[in-house]
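In this text the structure is predicted, and so the values were computed from the model without any measurement.
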Amino acid sequence: MMVLEISGCAAASAIGWIAFYGQNDVGWVTVCDNAAKFCIQMLVSLIFSFLAFFVFLILTVMSTYKLKQDLHREMLLRGGGWAPNGSFQP
């Protein structure tokens with residue numbers, strides 16, 4: 001899910017870069033000179049896209065940490081867990 005989100009952000013950033021600066025080698029002119037409203041909307045949408053990505057990343061890390069804590073607590077309650085030699089004992 002995060003791969004799709006960050007790839008979408010990267011693709012939108014590439015299009016935004018071309019819209020803002022153009023690509024004179026292939027004949028693409030800048031769009032922002034003629035359509036300032038489009039560039040403002042594009043910039044706002046890029047900011048929200050990257051913000052959503054970072055929020056999703058933080059939620060994923062928090063969820064992983066919580067799952068690790070719950071698993072560790074469950075193993076302690078069952079009496080199993082990691083042995084001092086590094087092996088797992090259920």
Side-chain angles (χ1 to χ4, degrees):
M1 184 72 176
M2 288 182 61
V3 172
L4 290 175
E5 190 171 350
I6 197 63
S7 64
C9 290
S13 297
I15 297 301
W17 180 270
I18 291 174
F20 191 72
Y21 292 108
Q23 186 73 5
N24 293 332
D25 298 341
V26 292
W28 293 339
V29 295
T30 61
V31 176
C32 292
D33 294 339
N34 300 327
K37 184 179 177 183
F38 166 76
C39 287
I40 292 170
Q41 289 175 346
M42 180 184 60
L43 180 63
V44 170
S45 69
L46 277 173
I47 289 171
F48 282 133
S49 296
F50 278 102
L51 181 66
F53 169 74
F54 286 116
V55 167
F56 193 60
L57 179 66
I58 290 169
L59 286 173
T60 303
V61 170
M62 287 172 52
S63 176
T64 304
Y65 181 72
K66 177 73 171 139
L67 182 63
K68 180 184 172 189
Q69 281 184 335
D70 290 345
L71 182 64
H72 182 68
R73 186 179 316 121
E74 184 69 27
M75 286 297 155
L76 289 176
L77 289 176
R78 289 185 180 181
W82 295 101
N85 63 2
S87 65
F88 182 74
Q89 298 176 355

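Interatomic distance, L59 CG to T64 OG1, rounded to the nearest 0.5 Å: 10.5 Å. Summarising the geometry, atom OG belonging to S13 is positioned 9.0 Å from atom CE belonging to M42; distances are rounded to the nearest 0.5 Å. In this structure, F20 CZ and D33 CG are separated by 8.5 Å, a value rounded to the nearest 0.5 Å.
G22 and T30 make their closest contact through N-CG2, 3.5 Å (heavy atoms, listed as atom of the first residue, atom of the second, distance). For E5 against F56, the heavy-atom pair with the smallest separation is OE1-CD2, 3.8 Å.
Contact of the I6 side chain with the F50 side chain is registered, since non-hydrogen atoms from C-beta on lie closer than 4.5 Å.
In the hydrophobic clustering of ILVMFWY residues, with side-chain heavy atoms under 4.5 Å counting as a link, M2 and I58 come out apart. No continuous path of hydrophobic side-chain contacts links L43 to I40 [ILVMFWY only; heavy atoms under 4.5 Å].
Members clustered with W28: I18, V26, by chain and number, using a 4.5 Å side-chain heavy-atom cutoff among hydrophobic residues. I15 forms part of no hydrophobic cluster, judged by ILVMFWY side-chain heavy-atom separations under 4.5 Å.
Shown here is M1, whose CE atom has no more than 12 heavy atoms of other residues, nucleotides or ligands within 6.0 Å.
For C9, there are no disulfide bond (SG atoms under 2.5 Å apart) partners two or more places apart in sequence or in a different chain.
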